[in-house]
> 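Starting off with a structure, shown below.
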Protein chains: 2
Amino acid sequence: MSWSKDSGRSGQRGYHHGNLKEALLRAALELIAKKGPAGFTFAEAARWAGVSPAAPYRHFRDRDELISNVALRGFQQFEAALAKAWDDGRPDAMTAFDRLGKAYLAFARTEPAYYSAMFEAGIPLDVNSELREAGDRAFAVLRNATEKLVATLPAGSRPPSLMMALHIWATSHGIASLFGRGDAGRRALPMTPEELLEAATLIYLRGLGLPDGPPPKR
Amino acid sequence: MSWSKDSGRSGQRGYHHGNLKEALLRAALELIAKKGPAGFTFAEAARWAGVSPAAPYRHFRDRDELISNVALRGFQQFEAALAKAWDDGRPDAMTAFDRLGKAYLAFARTEPAYYSAMFEAGIPLDVNSELREAGDRAFAVLRNATEKLVATLPAGSRPPSLMMALHIWATSHGIASLFGRGDAGRRALPMTPEELLEAATLIYLRGLGLPDGPPPKR
DNA sequence: GGCTCATGTAAAGACCATTCACATGAGCTG
DNA sequence: CAGCTCATGTGAATGGTCTTTACATGAGCC
């Protein structure tokens, strides 16, 4: 992270902030993390950044556009995190795939503010095509991984990889949403979300005829 | 549904409304359906019911408590819908289980307001134990169905039914959340959510060694 | 008939979103 | 460097929401 100017929040500044857009995005992230996407207010973000309540309107049309931007960054970081975990399928597809699932849950847990903005803030995807594309790119990592995994199967018995990717995504998202965050009120579990997802994935893949589990079983 | 008095919303009434709590719950449901859980305001519900903005406080501590009550009703109806679909496993467990999954998605689609209040409004489950219990009862339907399904397997090769139920729940919830509502902005799919869920379930169950699909294949 | 208490009202203070006219000064242009 | 321009920030105003408090009403009960 870098601020071109005035990195301290209480350091005096001139009439112009110099990096307000960035400061607002960070403020939004903190506030969403602290009080949920609903508890986040435009005015408070402005206060946090040390500017008047009207200043943010120079950078974002309204509150929703700010959240959209947070979500956009979230998808970008999400994509990066997933891609890093997948690591092009090294050392082998199954091991990497397992890592990918864990990265999904890790993101939801360590970046709940981004995750909320991305999936729970009620942003209409159709409006912001950039946002949709960022989401698609994140999904593409999963899609690509699924394809590589399928490619290890003998031709002829290969299930449709798009459907597989959607299944894995839905399951991961479901687990993350229902059990994945330590925050406020989620349900207790007899196992960790990671174990739950790993088991689901193994069973699912076995159902598709994939040879079992990651080689060294961790 | 029944109103003890004054069923029309514009019919004149005396100083006392007579059924305000009920009217507020219905207003909340309509407003959440129309503008999402975030767009719902306490004042607007009061206006819709034809009372002053302060009146709702006689029935609900605050906005969140109203939403909690909506969520509570949602869970009750959800439980009823799932139980009806499961129908005690008739005519056979697989057929009924498939119906159960479809009922899950149907509820999310036809009652998006309830679904939002239940899963996306950010209500802390710990606070309202009644709410948690209602949610648990709804899950219990799925849990019970899973158990019956497992019981069709030869003893010895029976997977843990709690884990299975969690897997199915997570997948259903993931599909419903990501693709299941026609509302605002969700993603497009090459198949219906119902088909997606049915396929996921079949593959998953096959991975567990269950004999294939519902007998007459629909 | 008269009491009491749940239920509803009015008014007020505090906060938020949004807009508009206006102020500032960073960066370009000559 | 002088001057201009325009992106960026301010202040003030409008209108909405949340929530509390003192007060009004009338339904149910004796």
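Naming convention: chains lettered A, B, ... in sequence-line order (proteins, then strands); numbering from 1 in each chain.
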> Side chain to side chain donor-acceptor pair (under 3.5 Å) with A/Tyr114: which residues, sequence neighbours excluded?
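Scan of A/Tyr114 (side chain to side chain donor-acceptor pair (under 3.5 Å), adjacent residues dropped) gives A/Gln77.
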> Between D/dT8 atom C1' and A/Leu20 atom CG, what is the distance in whole Å?
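Nearest whole value for this atom pair: 9 Å.
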> Going by atom type alone, with no hydrogens or angles, which donor-acceptor pairs under 3.5 Å involve a side-chain atom of residues 80-88 of chain A and a protein atom two or more places apart or on another chain?
from: A/Asp87; atom 1: OD1; to: A/Arg90; atom 2: NH2; distance (Å): 3.1

> Under the side chain to side chain donor-acceptor pair (under 3.5 Å) test, which residues partner B/Glu111, sequence neighbours left out?
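Not a single residue meets the side chain to side chain donor-acceptor pair (under 3.5 Å) criterion with B/Glu111.
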> Can you measure A/Glu44 atom CD to C/dA17 atom C1' for me and round it to whole angstrom units?
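Distance check: A/Glu44 CD to C/dA17 C1' gives 14 Å.
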> Would you please name every residue forming a side chain to side chain donor-acceptor pair (under 3.5 Å) with B/His167, sequence neighbours left out?
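B/His167 satisfies side chain to side chain donor-acceptor pair (under 3.5 Å) with B/Tyr204 only.
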> If you only use heavy atoms from C-beta on, which nucleotide in C/dT18, D/dT20, D/dG9 is closest to the side chain of A/Pro53?
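The nucleotide sitting nearest to the side chain is C/dT18.
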> Send over the distance from A/Asn19 CG to D/dA7 C1', rounded to a whole Å.
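Whole-Å distance recorded here is 15 Å.
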> Short of 4.0 Å, heavy atom to strand atom, which residues of residues 55-65 of chain A count as contacting DNA chain C?
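Contacting residues: A/Tyr57, A/Arg58, A/Asp62, A/Arg63.
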> Which pairs, with at least one residue in residues 31-47 of chain B and sequence neighbours excluded, count as a side chain to side chain donor-acceptor pair (under 3.5 Å)?
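Listed by first then second residue: B/Lys35-B/Glu44.
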> Excluding sequence neighbours, so at least two apart, what forms ring-ring contact (aromatic ring centres under 6.0 Å, His included) with A/His59?
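Partners of A/His59 under the ring-ring contact (aromatic ring centres under 6.0 Å, His included) test: none.
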> Tell me whether the centres of the aromatic rings in A/Phe78 and A/Phe139 are closer together than 6.0 Å.
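That pair fails the under 6.0 Å test.
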> How many Å lie between CZ on B/Arg47 and P on C/dT9, as a whole number?
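Result: 14 Å.
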> Expressed as a whole number of angstroms, how long is the span from B/Leu31:CG to D/dG16:C1'?
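Answer to the nearest Å: 15 Å.
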> Classify B/Ala43 by what it touches in the nucleic acid, base, sugar-phosphate, or nothing, heavy-atom distance under 4.0 Å.
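Sugar-phosphate contact only.
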> Residues from residues 33-42 of chain B sitting under 4.0 Å of DNA chain D, heavy atoms only?
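Going residue by residue through residues 33-42 of chain B, the ones with a heavy atom under 4.0 Å of DNA chain D turn out to be B/Thr41, B/Phe42.
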> Listed by chain and number, what are the ring-ring contact (aromatic ring centres under 6.0 Å, His included) partners of A/Phe40, not counting sequence neighbours?
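A/Phe40: no ring-ring contact (aromatic ring centres under 6.0 Å, His included) contacts found.
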> Would you kindly give the CH2-to-P distance between B/Trp48 and D/dT17, to the nearest whole Å?
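Those two atoms, CH2 and P, are 17 Å apart.
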> Using side chain to side chain donor-acceptor pair (under 3.5 Å) as the criterion, list what pairs up with A/Ser172, not counting sequence neighbours.
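A/Ser172 satisfies side chain to side chain donor-acceptor pair (under 3.5 Å) with no other residue.
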> Between C/dC16, C/dT9, C/dC20, which one does the side chain of B/Val51 approach most closely?
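Per side-chain heavy atoms of B/Val51, the pick is C/dT9.
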> Taking salt bridge (Lys or Arg N to Asp or Glu O under 4.0 Å) as the test, write out the residues that go with B/Arg63, two or more places apart.
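In terms of salt bridge (Lys or Arg N to Asp or Glu O under 4.0 Å), with neighbours along the sequence ignored, B/Arg63 is linked to no residue.
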> Measure CG/A/Leu66 against P/C/dT18 and give the value in whole Å, please.
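That distance rounds to 11 Å.
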> Would you work out how much the helix from C/dG1-D/dC30 to C/dG30-D/dC1 bends between its ends, with each end axis defined by five base pairs, to 10 degrees?
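Rounded value for the end-axis angle: 10°.
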> Taking A/Asn128 for the side chain and A/Pro124 for the main chain, is one N or O donor matched with an acceptor at less than 3.5 Å?
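No, the answer is negative, given that no donor and acceptor are paired below the 3.5 Å cut-off.
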